[in-house]
Enquirer: 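Here it is, the structure, as structure tokens.
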Amino acid sequence: MPFTPDNELDLLFPTEYIPADVREQLHPDLHIRPLASTDYRRGHLSVLAVLTVVTDPGEEAWVAQFNAQRAAASTYYGIVIVDKASDRIVAVGTVFIERKFLRGLGSVGHIEDIAVDERQQGKKLGLRVIQALTRISENSGCYKTILNCSDKNIPFYEKCGYQKKENEMAKYA
Ligand code: ACO
């Protein structure tokens, strides 16, 4: 599949929100952009499967979820890095903006679902995804950006400028 430029895609949010300096630091064979409504066909779920169990809901349900995220204005910022030669996704990540009543009606950015294709790990794609999401969070006015990760990934997030704080609690249904 030939590379599809941003102006031919139906994007989750305006492409201008991706910081220009992060874009410029990527290898010219790669492109960073918002998630698009046709990214189910570009291997979005296969890259996410690097992170955890992914059940394929089919394209129609995937697109319905994309539309539900977009309907929640200024809340979901999913981004992808695409390999231009194949037009396939090689890295993904999301920041979700939570609006609070405390801190003067402050907002917090929650980074979620970071994954880099196994063949592309160790080439700073994860770093670029985190840099872009953090800037989107800060540009949205968030007073902090947070995430949960395994002990194994702590050094990676430290390299991205994050520090360990407190603990995660979870209760699975
Ligand atoms: N231990 C130590 N250092 C690490 C590790 C690690 N596990 N992973 C990356 N780093 C370092 C790199 O060496 C590099 O350091 P340098 O700048 O000194 O060279 C720096 O962190 C940046 O690394 P990247 O090359 O950007 O890392 P990569 O592109 O491989 O992405 C990621 C890292 C996202 C963890 C990737 O390996 C991956 O997809 N893993 C499987 C899925 C996963 O665990 N995702 C994160 C879940 S947490 C969440 O989603 C909030």
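As the structure lists them, so they are numbered: ligands from 1, and atoms in each ligand from 1.
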Enquirer: Which pairs, with at least one residue in residues 78-125 and sequence neighbours excluded, count as a ring-ring contact (aromatic ring centres under 6.0 Å, His included)?
Expert: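 Output for this query lists Y76-F96, F96-H110.
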Enquirer: Working to the nearest 0.5 angstrom, can you tell me the gap between D113 CG and L48 CG?
Expert: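 So the gap between those two atoms works out to 6.0 Å.
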Enquirer: Under 4.0 Å from a heavy atom of K123: give me the atoms of ligand 1 that qualify, with their elements.
Expert: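 Selected atoms, number and element: 25 (O).
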Enquirer: Is there at least one pair of N or O atoms, one from K152 and one from ligand 1, spaced under 3.5 Å apart?
Expert: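 For ligand 1, there is an N or O atom that lies under 3.5 Å from one belonging to K152.
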Enquirer: Would V50 count as being in polar contact with ligand 1, using the rule that some N or O on each side must be under 3.5 angstrom apart?
Expert: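 There is no such contact.
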Enquirer: Could you say whether the N/O atoms of N148 and ligand 1 ever approach to under 3.5 Å?
Expert: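 N/O-N/O distance below 3.5 Å does not exist for this pair.
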Enquirer: Surrounding CG of D151 (heavy atoms of other residues, nucleotides or ligands, distance under 6.0 Å), is the total greater than 12?
Expert: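 Result for CG/D151: open.
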Enquirer: Identify the closest protein heavy atom to atom 28 (P) of ligand 1: which residue and atom is it, and at what distance?
Expert: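 Answer, as residue, atom name and distance: G122 N, 3.7 Å.
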Enquirer: If hydrogens are left out, which of A91, C160, P155 has an atom nearest to atom 1 (N) of ligand 1, that is, the closest non-hydrogen atom?
Expert: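 The nearest heavy atom belongs to P155.
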Enquirer: Name each donor-acceptor pair under 3.5 Å that joins a side chain in residues 160-173 to protein atoms two or more places apart or in another chain, with its distance.
Expert:
residue : atom : partner : partner atom : Å
Y162    : OH   : T134    : OG1          : 2.7
K164    : NZ   : E166    : O            : 3.4
E168    : OE2  : N148    : ND2          : 3.2

Enquirer: Counting only nitrogen or oxygen atoms and a 3.5 angstrom limit, does C149 reach ligand 1?
Expert: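 C149 vs ligand 1: no N/O contact under 3.5 Å.
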Enquirer: Identify which of F156, Y162, Y157 has a heavy atom lying nearest to atom 49 (C) of ligand 1.
Expert: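 When every heavy atom of F156, Y162, Y157 is considered, Y157 comes closest to atom 49 (C) of ligand 1.
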